[in-house]
Structures are given as C-alpha cells and as structure tokens.
J.: 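Dumping the structure here so I can ask a few things about it.
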Amino acid sequence: MSTTLLSNLNESQRDAVSSPAQQLAILAGPGSGKTHTLTSRVAWLLASGLQAQNIIVATFTKKAAKEMQERIGKLLGDDREQKLILGTFHSISVRYLRSYGYLIGIKKGFGVADQHDSETIIKRIIKKNNFMADPKATKNKISGRKAKGGWGEKMEKAMKSNNKEVQQIDAIYTEYEATLKRANLLDFDDLLLRCVDLLRDHPQCVSNIEAVLIDEFQDTNLVQFDLMRLMAASRKKVTIVGDPDQSIYGFRSAEVKNYLSLLRQYPDTITISLEENYRSSGAILAASLKIIQQDTSRINKSLLATHTVGTRPVLRTLESAEVEGDWIMHEIRRCVTLTGDLITYGDVAILLRSAYLSRHIETYLGKAGVPYRMVGGRAFYDRVEVRLILYYLRVISNPADNNAFAEVVNLPKRGVGDVTVKSLIEEADQKRMSIWELMENGPLATGLSAKARNGISRFMKIIKDARKMLSDEEGHTIASLMKHVIEAVELEDYLKKTYPEEEDYQSRLENVKEILALAEEADDPESPDYNDEPLPEVDGLEQNELSTPLSNFLAKISLATDKRAKDAEGEDKPRVTISTIHAAKGLEWPVVFIPGAYDGSIPNGRADDTDEERRLLYVGMTRAKALLYVSYPLIDSRRESTRPSNFLTPTSLLLHFGQKGPSFSKQNVVPDIAAILRLEVPKITFTPDELPLPSQEDDLWPEDGTAKARPPKTWDQWDGTAQYGEPRKSLAHDRPLIDKRNMEPWKPSYTTTMTITPAFSTAAAVLREQPVNLGGAGSAKRPYTFDDDEVVDKKSTKRSTKRPDGQPSLAAYFGKPQNSKANEPATTITAARQTHTTQPSVSLPRLNHRATLSQRGNPRTAIPAQIAPYVPPTICPTLSRHRIGGTTSTATNRRNIRAFTPPESNGSKYIFLSSSPPRPEPGRKEREAPRLPMPSNSINSIVTTAARSASLHTTTEDRARAQPGRKSYGARMGMGGWEKRMGGSGSWKPPSMADR
DNA sequence: ATTACAACCTTTTTT
DNA sequence: AGGTTGTAAT
C-alpha cells in the first residue's frame, strides 16, 4: 500500500508525504503537485496507523475540501475518507460549535450571517447614525480587527483615541455585535473566534485529534493559526502546505507571516519545497518568475520547468476595453481554429482582477457565439428567486433574524415599503427585541398604515404556518417547508410577472427546482451528504446538538461559496471560462488570458498592498499551461486613459513577452503546445480560403494600441474589423461578426492536403513571432510599445552592447556562460530565419493518425504510445497529469485522465520532446530543520532549465544551426530522428509518419 | 407620506 | 447587477 502510494510521487513529494516529522511545512510552488502531495500525506498517515476520525484537514475553499476528499477517497479505496474531519475552517468550526457550543453559551438554532447580512446590518447602522462611512470598507475593517483576534485592547485604545474615524468604526462595531447577538447570528469571523474560545477553554473537545493538516496555509489569518494550534494541541502533529507567493487574501487578513509564526511555535518544523512545475511552459514560468521576483522581500523560491520552453507569453496593447474584448474573442477563435482541435473552448480561461471587467468580453463572446461560463459571477444562491426562498426559511428557522425578516417581508410586494421596515427595525432595536416579538407583543410606537399592517400580517401568517409544520411531528422536512413557501407566496406567478421573458422565467424556475432538490437531498438520511458525520465522541464530554436540521441546512448554504453553475445541458459542451483570478487559484488551463492589466486594475486602485496585487498577477499567469496572454487597453471601460501595469513595464520583462499572439503557422508553436498538453500534434489541413478567420495572424489591431487604419482584410463575410480609423463607436458590433460555420470549432478536413500560407506576414513579422525570440533583428526594430522612453529609445543601440540589469542574456537562454558574446548566435539565428521565411509557405507538421474518437464525441486523442513525448525517469507520468482543482471542462479532464504510457526506449522516434532533464539535488537527503528554502540563484536555474529545453525540444532547423554548441545537450535525448530529418539539406520538412 | 417603478451610475478580491 | 435617484401613482 505504502509503496503504491509513494511510487506516484517525485522525490521531494515522497520526502514530504512520508516524512516522520511532527511538524511539516511543505512549500509548494504553482503546479508542483500540492494537492496530490497533501492527499497522499493523509493516506500515508492513515496507513501508518492513525484513525480517520482523529484527523483534521482544513482547506480554504469548499471546492478544495470536496476535491481533497474525493482524491483521498480514490487513494484509499475504502470509505474512510468520510470519517475525516475535513472541510473549510469555517465549516469545521460550525461542526464543533454545533456539538460543543453549549459549553461556551452558544444558543440553540444559531444562524450564520453571511457577507450580505453583515453588510446590510452595517449599512443600516451607518444610516441611522448619519455616519459617512462606506459600508463595505467598514465591514472589512471590523472583520479585519476580529480576524486579528478580537477587539479587546485595541478597542480600549480606540476609545481613548481622538481619531474620529476610529471612534466611528468602534461605535458601529459595538452596535453590529449587539445586533448579531440579539438575532442569534454568528458572522464568519465569529465562527472562528468562538471556536477558538471553545477549544481554548475546553481542550478536551479535540483531545482525540492525532494530526492536523492545513491547505493553502498562506491564506490563514491569525485566528485560523490559533485554531490550528488548538486543534493540534494534544499530539502536535501538524502538516501545512502553502506558497507565500500565492498569498492573495491579505485583504481578508491572511498572514503570510504565519509561516514564520509556525517556525517559532514549533522550532522542529521540517520544511520541504516542491519546486518542479508540471504545469506551465518554460517561457510562461520564466515570465511569471520575473514578475514575482520584483518583490524583493519575498522568500526566494525556485521554480523548475519540466516542460519545453514553448511560446513566449504575449503582452498586448489594445485601443480600448471594447477592442480588448473583441481581440480576445478573435484570439480565442484563432487558437481554436489554427491548432486543429488541440485547443477547444474549454481549454481557455479569461482571468480578471475584478468581475465587472467581464462586460465587454462577454459581449463579444456572446456575439461571436463562443460559449462561455462565468465563475464567481452571481452565485446561484444570490439569485433573487433562490434568495427569496432561503430568507423565508431563515425567518422560519429563527424569527428573531431581523435581517432576514426585513429582506423578504415585502417580497413579493405587499405594500410594506422601506420606510416602514426602517422604522420597525429602529423601534425593535430600541426595545432590544426582534421585529417579530415587537409585532407579536406590544403596542407599536410606529404608526402603520392599514396597507402595511396588512402586508406584514400576511407575511407573518406564512411564517407561522410553517413554524406549525416545524413543531408538528410529521411533515417538517426542509423540502416541505420550501414547498409551503413557494405556494404561499405564489412564487411561480410572481416570477412570471417579474420576468416576462420566457427564457428568463424558465431558468429561474429551474433554480427553484434546484434549491428544492438540494433540500430533498438534505432531508434524505440515505444521501451521502458529504461531511456530515457527527464528531467523534470524546471521553467525558457530552455533545449537545445545538442546531436543527433546518438551521444546519441554512448554515451550510451560508458557507457555500460553491457557485452552483451546474448547467445540466451545457455540461458536455466545452466552454470558455471567465473567472476572477482569486477564484481561479488552484486551477489551470492550456490557454489563459489576463485582460485589463493596467494601472488601477492590477494593481487595483483600492488595494493598499501592492505586493499582493503583484502576487495576484503571478497567480493568474501561473494558471496557464501553454499559452498566456496578458493585455491592457489604453482606454478603460470608463473611457479614461490608462497606463500599463507597473508590474509589466520593467525592462527586464521585455524579453519575456511578445507583442502579439503567436503565429500558429510557425513550425514549433503547435507542436510545443501539443507537447505541453501531452497531446498528439494534430494534422492540420485546410486551405486559407476556408479559414473561418479574418486573419491567421494577430494583426487585426495595431500592436501599439493606436486606431490607425489597417489594410482591409480580404475575407468573405467579414465586415467588422476592417474599419480602423473610424471612431470606436462605429465598429459594427451589432452586425453578425462571423458566418455560421464559426459557431462550431473548426474541424480539419482530412481529404485536402494543405499548407497554411501566412497571409499577411512579412519576414519581420514572422521574426518577431518566433516562439522564443531573444532579440533578433525583428524585435530590435520596434521592440516594445511601452511609453517608457528609456526602453524605446535606448534599446536598439544598447542591446547589443550592454543589457539592462536583470535582463537575461541570449546566452543564458542557450545555456552558455553569461559572459560570452550574446549577439553572435543572434545574428546566426536571424540569418537562418530569414532564409527560412523566404519560402512561400510554412507547413505544419503532419502526422497520420487519430485513433477512434474518445468518449462522447471528444474528437481529441491522447498521445498514442509510439509517439509519446519522452519522459525522463524523475518525472512521473501521473504527476505530470495531475491537476489541481476539478472544474475545467470535462473534455480537458477526460484527456488528462487518460493513461499515459511511457515510451519504449527507442529514442529516435520521439519527436516533440517535453520535460527537462533530471536535476541533481546534492545534499537533499540531509535536510535540516527549520530551513528557509532556496539558494538565490533561482533565476539562473529556471533560465538554464528553459534554455536546455529550448535547445532540446524546439525543433527547428534554424535554431539547431544557430547553436553550434548545442549538441552537448542534445545528444542525451535521442535527436536521431531530427538529425536524419534535417539531413543538412537546408529545406526543412515537417516530421511525419512517413519518416517511420 | 409612502410605495412602485424607470433611468442612471458604479463596480476589488471572498470564507 | 446593485444601488441610488427621480418621478408617477396610490
């Protein structure tokens, strides 16, 4: 068992999983197999004799918890994973509070106040007191203080403080807490704080706990750190996994410093770093590393590419946010079309700093018929119809919940307006009771109109009826309560009236059904309701259930971040994903766009921690496997002019980005993508005329973002984009952009043998788009578009003599010592490339093949064994397939799940290599604790790793010729096939089955 | 005076 | 999409 467990891991992962250390810190860079390692660690602990019910695994998101449980389940093969105490910090806290909360005076049936509730309460308090504070900011401040361990002494200081603002927040805080208490609500921070109280005062609750494992440790705040310590108090066996570079929740009081606190708290902590990246191309990693290294205060940590260098990331300037949307749509189409079926819509993600930035993008995707789904958009639970039902249930569960009462007393409209509600709340507050009690008990100071009074009593009647059902012996399932509400408010009629559009109405009805189904699931004792095992009995401690099935159901939903984007019909259809960067953490896609990379957006104007904004960009970039596009408009959606993000302007970045999308007709672009995705290189055959694209190149918009007129594109049916020079408005957005064929991803026809002719490429353009363009003639001409004088003016002269600091030399890329003359190989490359581009057409490699279509019509094929990329022994096939997060398209998943057979050892057949050579790791065995990771030469290591891959894997004649010294690396990996193919003839031929 | 509705403006990130 | 503001209807 243990051997099987470990055989799926690389060396450092194995060390981590099987470490006997009491306290273990795993620093895991992006794409390093973090989840895999953590799940294996859990399995390992179980195998070594720990009991599942005595292990706590805390994650940060519900999604992560779910995935973790599934993966542990798969690893174990029995049902023990069900017994783990596994969930988000918040949900684990709720479980403890439910069972033991009585010990610290928590009242039965307590509810959870979510973000929205907290905000409305604060808003009301602000209004009532005529404060000028911003509710959201205030909420964050209050939450921040609570997350730092409560109000305590700080409040006392504040009382004495003369600072008006502090005093104000203080007043709001006091009233806010009182309101929550009266309504028997705990907010998110309370859940953690109260649980800390509980475990501190009654450590017996966790006396059974044998091990505590924390995921995404860099996102924990001080309270969560305390919680971890308290949970682990009895055996002090702790494993944490995290990456300081991916700390993006500082705004929510996450403390990167917690890692240091850990070392202080447990001086014997062993730290192990996972450095190999199994996700991204070398070029993407190199660029990402450049970004994150701008933060000089960070713990330097290296990142080692295991994939080929691949195509340079793109940094694109566009005229406006609108054009940016249009451009993204075209680039997506270009990717999908020109790579054959290597890339589908499901492989593409658009990651945003802010959700609202999606507007223009959605418009254009919608117009072009590109299917997409929005993650982190309005959640399922935020839909009006769902909220209505849930808030009714909350009043039913807890009539003292004024918030919920106010939310739905006039939904649907019953003639109870804002004014009435407001005065009721105020009176109730004054009398220290709930509105409900107020209405039940006493004479009202508030004068109510007959209409309002009538409306309120109709509302209360519905609630009372439901509560009668609740106290009845039978018929008090959650679903039956829901049905009662749905009927009583005539929800269907209401929805039909409010949303007359049939489609809209139907989808809302679907949501109602969905929430009903959820309730039925919760009612069903048979359903495998994840994570609802009661806490294990602890000797000498009584559990006292504080929640009812209903309140538990509601609490769970409050904690559900899970945007139920379950579109049953769309499940099979690949879709472009649009998401915030935050919500994309832990996920990966072959192609990633990061639009809106302008100053004010990233870094965000409201953010006060620039380093965190930078990390956010880093997280976004490292989601990409093969292609990465960063872009910014010169005019944002508010029509204000912008400057590119400061993170992207340093000179040292120039080499790492291209200015526009790659030329897919260049011979290594598509094969490299295939290699990174571990797919067969598609056979691409079509005539240019048939291309459902206005251009094969990313040349529809000028690279500097100006609106200059461009030569009209001769492409039938194309009418939208040839009109540069017109004012922005006049782009023909409302006309159909593309003809019918484009509604579907293009599929290659196998009857026509064809080549792609670069329609508008000049030699210079082609040069500029070389996947790894390191400053040859093409880029020297008009290197980059930043309005950074220094760069534009000096570069062309400076480049050949002296490099700006931190700018890796060409030599570095090719693995030569830094001090060798850099421009020598450059000229050679240039010459070779020019020779190359004099050929009229460039063929993409043709490979015979295409096994039977895989399940459910997915036209893509996994790599058949005989042409599989070579994998060096250290890189385990399953790991390279590992994926974190499970929400990319099913098509993607399917492809990745496919068994991968390492090739037999006849190297000469392998064509598109991936993966870097094994890296010797001297001294790794005698690891000492605690150890701050990494020598600081990580820049070099990534660059040279990338360089080796380049020379090994990017298989063009010109590059091969440009590097006389290359063979010293190359021989190792069986270049025989290439040697033969290149044969010295000078005319490059794509590899094909004919060669076999 | 209160409520309902249409038109406009503004959007950080989330358990 | 939410919130705010202005205006018509009750």
Side-chain angles (χ1 to χ4, degrees), chain A residues 58-65 87-94 112-116 118-120 123 127 134-137 139-140 143-144 146-147 186-192 216 219-221 223-224 227 247-254 321 351-359 362 374-379 382-384 387 410 412-423 446-452 455 498 555-563 579-585 596 600-609 612-613 615-617 619-620 636-640:
Chain A
T59 64
F60 203 62
T61 65
K62 200 141 186 175
K63 197 159 64 183
T88 62
F89 273 103
H90 293 86
S91 71
I92 292 175
S93 296
V94 169
V112 175
D114 63 19
Q115 168 82 5
H116 184 257
S118 297
E119 242 172 81
T120 43
K123 208 177 292 170
K127 255 199 179 138
D134 168 36
K136 217 172 198 163
K139 152 87 189 99
N140 285 341
S143 170
K146 286 175 91 166
L186 299 178
D187 71 8
F188 287 153
D189 300 307
D190 289 332
L191 292 177
L192 304 177
E216 306 277 18
D219 289 331
T220 53
N221 62 32
V223 177
Q224 286 161 330
L227 208 45
S247 163
I248 53 175
Y249 285 97
F251 71 93
R252 229 178 65 189
S253 309
L351 305 182
L352 310 162
R353 169 67 249 253
S354 313
Y356 79 93
L357 292 169
S358 71
R359 212 177 72 206
E362 286 190 75
M374 187 68 204
V375 183
R378 43 207 185 289
D382 278 346
R383 308 301 251 293
V384 194
R387 272 201 13 218
N410 199 31
K413 305 251 181 274
R414 296 190 181 92
V416 188
D418 294 344
V419 180
T420 306
V421 171
K422 194 179 158 209
S423 59
T446 312
L448 291 181
S449 70
K451 198 170 59 171
T498 336
K556 260 191 186 169
I557 283 178
S558 297
L559 292 175
T561 183
D562 197 23
K563 328 278 184 203
S579 167
T580 61
I581 299 176
H582 282 91
K585 187 154 86 157
S601 177
I602 312 183
N604 191 276
R606 300 190 178 204
D608 36 33
D609 184 350
E612 177 154 320
E613 296 294 303
R615 291 193 293 266
L616 203 44
L617 178 59
V619 167
D636 69 13
S637 53
R638 267 183 294 169
R639 314 237 156 131
E640 276 162 28

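Just so we're on the same page: letters track the sequence lines, and every chain starts at 1. Everything quoted here is computed from the prediction, not taken from an experiment.
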J.: Touch check for A:Phe89, heavy atoms < 4.0 angstrom, all strands: base, sugar-phosphate only, or nothing?
T.: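 Nothing: the residue A:Phe89, judged by heavy atoms under 4.0 Å, touches no strand.
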
J.: For A:Asp190, enumerate each residue passing the side chain to side chain donor-acceptor pair (under 3.5 Å) test, keeping only those at least two apart in sequence or located in another chain.
T.: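 So A:Asp190 forms a side chain to side chain donor-acceptor pair (under 3.5 Å) with A:Lys146.
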
J.: Does A:Arg414 have any side chain to side chain donor-acceptor pair (under 3.5 Å) partners at least two apart in sequence or in another chain, and if so, which?
T.: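 Scan of A:Arg414 (side chain to side chain donor-acceptor pair (under 3.5 Å), adjacent residues dropped) gives A:Tyr392.
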
J.: Taking atom C1' of B:dT14 as reference, at what distance in whole Å does atom NZ of A:Lys63 sit?
T.: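 Going from NZ in A:Lys63 over to C1' in B:dT14 covers 12 Å.
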
J.: Using atom CZ of A:Arg383 as one end and atom C1' of C:dG2 as the other, report the distance to the nearest whole Å.
T.: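 Distance check: A:Arg383 CZ to C:dG2 C1' gives 15 Å.
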
J.: To the nearest Å, how far apart are A:Leu357 CG and C:dA1 P?
T.: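 Checked: the CG to P distance equals 16 Å.
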
J.: OH of A:Tyr249 versus P of B:dT14: gap in Å, rounded?
T.: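 Rounded to whole Å, this separation is 6 Å.
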
J.: With sequence neighbours excluded, what pairs up with A:Thr420 under the side chain to side chain contact (heavy atoms under 4.5 Å, CB included) test?
T.: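 So A:Thr420 forms a side chain to side chain contact (heavy atoms under 4.5 Å, CB included) with A:Val416, A:Leu424, A:Leu448, A:Ala452, A:Ile456.
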
J.: Rounded to whole Å, how long is the line connecting atom NE2 of A:His90 with atom C1' of B:dT14?
T.: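 So the NE2-C1' distance, A:His90 to B:dT14, works out to 10 Å.
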
J.: With sequence neighbours excluded, what pairs up with A:Ala113 under the side chain to side chain contact (heavy atoms under 4.5 Å, CB included) test?
T.: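 With neighbours one apart ignored, the set is A:Asp117, A:Ser118, A:Leu180, A:Leu185, A:Asp187.
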
J.: Restricting both atoms to N or O, compile the protein contacts to nucleotides 8-12 of chain B shorter than 3.5 Å, with distance only.
T.:
from, atom 1, to, atom 2, distance (Å)
B:dT11, OP1, A:Arg606, NH2, 3.1
B:dT11, O4, A:Arg359, NH1, 3.2
B:dT12, OP2, A:Arg606, NE, 3.0
B:dT12, OP2, A:Arg606, NH1, 2.9
B:dT12, OP2, A:Arg606, NH2, 2.9
B:dT12, O4', A:Asn604, ND2, 3.4
B:dT12, O2, A:Arg353, NH1, 2.8
B:dT12, O2, A:Arg353, NH2, 2.1
B:dT12, O4, A:Arg606, O, 3.1

J.: Suppose we screen for side chain to side chain contact (heavy atoms under 4.5 Å, CB included). Which residues come up paired with A:Ser358, at least two apart in sequence or across chains?
T.: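 Partners of A:Ser358 by the side chain to side chain contact (heavy atoms under 4.5 Å, CB included) criterion, ordered by chain and then number, come out as A:Leu352, A:Glu362, A:Met374, A:Ile578.
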
J.: What pairs with A:Phe188 under ring-ring contact (aromatic ring centres under 6.0 Å, His included), at least two apart in sequence or on another chain?
T.: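 A:Phe188: ring-ring contact (aromatic ring centres under 6.0 Å, His included) contacts with A:His90.
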
J.: Name all residues meeting the side chain to side chain contact (heavy atoms under 4.5 Å, CB included) criterion together with A:Glu612; count only those two or more places apart in sequence or in a different chain, and write none if there are none.
T.: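 Scan of A:Glu612 (side chain to side chain contact (heavy atoms under 4.5 Å, CB included), adjacent residues dropped) gives A:Phe251, A:Asp609, A:Arg615.
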
J.: Could you tell me the separation between the CG atom of A:Leu448 and the P atom of B:dA1, rounded to a whole number of Å?
T.: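 Going from CG in A:Leu448 over to P in B:dA1 covers 17 Å.
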
J.: Pick base, sugar-phosphate or nothing for A:Lys123, based on heavy-atom distances below 4.0 Å to the nucleic acid.
T.: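 The residue A:Lys123 makes sugar-phosphate contact but no base contact.
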
J.: Could you tell me the separation between the CD1 atom of A:Ile248 and the C1' atom of B:dT15, rounded to a whole number of Å?
T.: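 Whole-Å distance recorded here is 13 Å.
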
J.: Nearest whole Å is fine: how far is B:dT15 P from A:Asn221 CG?
T.: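 Roughly 14 Å, once rounded to whole Å.
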
J.: Checking A:Glu613 side chain against A:Asn604 main chain: does a donor-acceptor pair fall under 3.5 Å?
T.: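 Yes, because the side chain of A:Glu613 sits within donor-acceptor range (under 3.5 Å) of the backbone of A:Asn604.
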
J.: Could you tell me whether a side-chain N or O of A:Asn410 sits under 3.5 Å from a main-chain N or O of A:Gly415, the two making a donor and an acceptor?
T.: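 Present.
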
J.: Dump the pairs, protein N or O against N or O of nucleotides 2-6 of chain B, anything under 3.5 Å, distances to one decimal.
T.:
from, atom 1, to, atom 2, distance (Å)
B:dT3, OP1, A:Gly417, N, 2.8
B:dT3, OP1, A:Thr420, OG1, 2.6
B:dT3, OP2, A:Val419, N, 3.4
B:dA4, OP1, A:Gly415, N, 3.4
B:dA4, OP2, A:Asn410, ND2, 3.4

